[in-house]
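Values in this document were obtained by computation on a predicted structure and should not be read as measured data. Below, chains carry the letters A, B, ... as their sequence lines are ordered, and counting in each starts from 1.
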2 protein chains.
Amino acid sequence: MTRPSEITRDRILKAAERLFAERGYDATSIRAIVARARVNQAAINYHFDGKEGLYREVLRAAFRGLTEDQLAHAGDAAGLPREQALAAFVRRQLRPLAARDEASRHMRIFNWETVRPTPVFRKLMSEEAAPFMGLTVELVRRFLPDADQRSLMVAAIWLLGQCSIFVRNREQLAGPPVALAFDDSAVDWLARLLSGWTLRGLGAA
Amino acid sequence: MTRPSEITRDRILKAAERLFAERGYDATSIRAIVARARVNQAAINYHFDGKEGLYREVLRAAFRGLTEDQLAHAGDAAGLPREQALAAFVRRQLRPLAARDEASRHMRIFNWETVRPTPVFRKLMSEEAAPFMGLTVELVRRFLPDADQRSLMVAAIWLLGQCSIFVRNREQLAGPPVALAFDDSAVDWLARLLSGWTLRGLGAA
DNA sequence: TACGTTTTCAAACGCAGGTTTGAAAACGGA
DNA sequence: TCCGTTTTCAAACCTGCGTTTGAAAACGTA
C-alpha cells in the first residue's frame, strides 16, 4: 500500500465521520464529503466501493471508539469500591456532553442508528456489544447480588438510560423550556447527582 | 370544507405518519406517500403546501398524541400519594413498549427528531413542551422539596430517561445480546422495577 | 340546470443525488 | 529511465427527488 493513497483514504474517512455524525446517512451527500475532504468525487467509489461501503467503515470506527473507552477502564473498576466504580462509569458515559470531540461524534453516529438500525449496524451490535453490556451488568450486580439475570439486564439498561438521555438530547436541553447547558464542571455536577440517585436507587446509600 | 377533500387529506396524513415514523423525513419520498395513500402526487402540494408542510402537520399530531396522554392524567396525580403518582407516571411512559399502535409511531417520529431536530420541531418543542416538562418537574418536586430549579429539571429528565431508553430501543433490546421482549405483563413488571429504584433514588422508600 | 369554485389528475420540469467512464497523472520496481 | 500498475481527475450519465403546470373533473349553490 503506497503512502499518498492512504492519505486520501484517511481524509475521506475523517470528513465522512464528521458529516454522517452531523446529518445522518441519508442527508449526507458524496459531494459534501469530497468537498470537505478536498478529494475527487470518484475517490469514494475507488477506495470504498460506494457510499454504503464508506459508511460501513465509519460505523466500525465509531463503535470501536465508543466501547473501548469503557472497556479500557473495566480493569480499574474491579479494584475500586462499587460506589466509586459506578461514579466513574457514569462520569465516563457523560463525557460526550461537554467535549465536542471524537467521542461525541461517535455517539452521534450511534444515535442515528438506534432510530433505524441498518443491517450493517445490527450485525456489529450483536457481535460486539456483548462485552460492553457484560461490563455494565457486572457493575450493577455488585449492588444487586441476588437479582436474576433478567433484572440485572434491566438494571444495566436503566443505568445507561439515565446517562444517555442527557447525551442524546444535549442540543435540545440547551434551549427552552429546559435551558441546561454543560461545560466540564456542569458535567461533574450532573455526574455526582446521577450517581447519588442511582446508588440510593440500588440500595447502596 | 367539503367531505371528499377531507378524506384525501386524511389519507395523506395517515400514510405520511407511517412512513415518516418508519424511515424518517429524508428517506421518505412524496412518491412513496402518495402511493401508500393512493392519491395523486400533486395533492400533497395542494393540501399541505409541500413536503415540509405535510411533515409539520404530522409532527404536530405526534406531539399532541404523546403528551396529552400524560397531561390528561395530571389532575389525577395531584390527588394521589406521591409514590402512586410516580408509579402511574412511569407506567404510562412505558405504554408504547407493548403496543404496536399509534403511540409507538408517534414516539418513533419523535425519536428521529431528537437526533437532529428540524426547525419545525424546535419551534413546536419550545412552544408546547413546557406543560409536559412542568408536570414532570412538579412530580419530582414532591420528592425533592428543597431542591433548586436546575436540580429539579435534571431530576425530571432523569426520570424520563429511565423510561425512554426502553421505549426508544425496544426493537434492539428484543434481539441479542440483551433479548428482552415486552408484553403487557412484562411492562407491568418493568414499571414496578423502575418505580422502585426511582423512589429509593429520590429518597422515598 | 347552470356556473364559479374547489379538488383531482397526468405529465413534465429542473435539480441534486450516486455512480460510471476513460484518460491523465503519479507511483514504484526493474 | 522505462513500463505496468495504482491512483486521481473532470466530465458525463442516469435515476429519483420535490415541485409546477394547465386542464379536466367534481362539487356546492342559486
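Ring geometry, Phe182(A) versus Phe166(A): the interplanar angle exceeds 60°, so the pair is classed perpendicular (tilted spans 30 to 60°).
Between Lys51(A) atom NZ and dG16(D) atom C1' the separation is 13 Å, expressed in whole Å. Note: CG (Leu19(B)) to P (dG18(D)) measures 12 Å, nearest angstrom. One can place CG of Asn45(B) at 11 Å from P of dT21(D), the figure rounded to the nearest angstrom. Whole-Å rounding puts the Ile44(A) CD1 to dT7(D) P distance at 16 Å. In this structure, CZ of Phe48(B) is placed 11 Å from P of dT8(C), rounded to the nearest angstrom. Rounded to an integer number of Å, the gap from CG of Leu54(A) to P of dT19(C) is 10 Å. Atoms CZ (Phe20(A)) and P (dG18(C)) sit 9 Å apart, rounded to a whole Å. Rounded to an integer number of Å, the gap from Asp26(B) CG to dG18(D) P is 10 Å.
Dense packing is recorded around CD of Glu127(B), with more than 12 heavy atoms of other residues, nucleotides or ligands lying under 6.0 Å away.
With Asn111(B) contributing its side chain and Thr114(B) its backbone, the two residues share no donor-acceptor pair below 3.5 Å. Side chain of Trp197(B) to main chain of Thr198(A): no donor-acceptor pair is present (N/O by atom type, distance under 3.5 Å, no hydrogens or angles).
For a distance-only test at 3.5 Å, the side chain of Arg31(B) fails to qualify as a donor-acceptor partner of the base of dG16(D).
Along DNA chain C, the nucleotide closest to Ser29(A) and the one closest to Ala42(A) are compared, and the more 5′ of them pairs with Ser29(A). For the pair Gln41(A) and Gln41(B), nearest-nucleotide mapping onto DNA chain C gives the more 5' position to Gln41(B).
The phosphate of dT8(C) (OP1 or OP2) has a side-chain N or O of His47(B) nearer than 4.0 angstrom. Contact check, Thr8(A) against dT8(D): a side-chain N or O comes under 4.0 Å of OP1 or OP2.
Aromatic ring centres of Phe121(B) and Phe63(B) lie farther apart than the 6.0 Å criterion allows.
In the set dC17(D), dT8(D), dA10(C), the nucleotide with an atom closest to the side chain of Asn40(B) is dA10(C). Picking from dG18(D), dT8(C), dG18(C) the nucleotide with the shortest atom distance to the side chain of Tyr46(B) gives dT8(C).
Within the 4.0 angstrom heavy-atom criterion, no nucleotide atom of any strand lies near Ala43(A).
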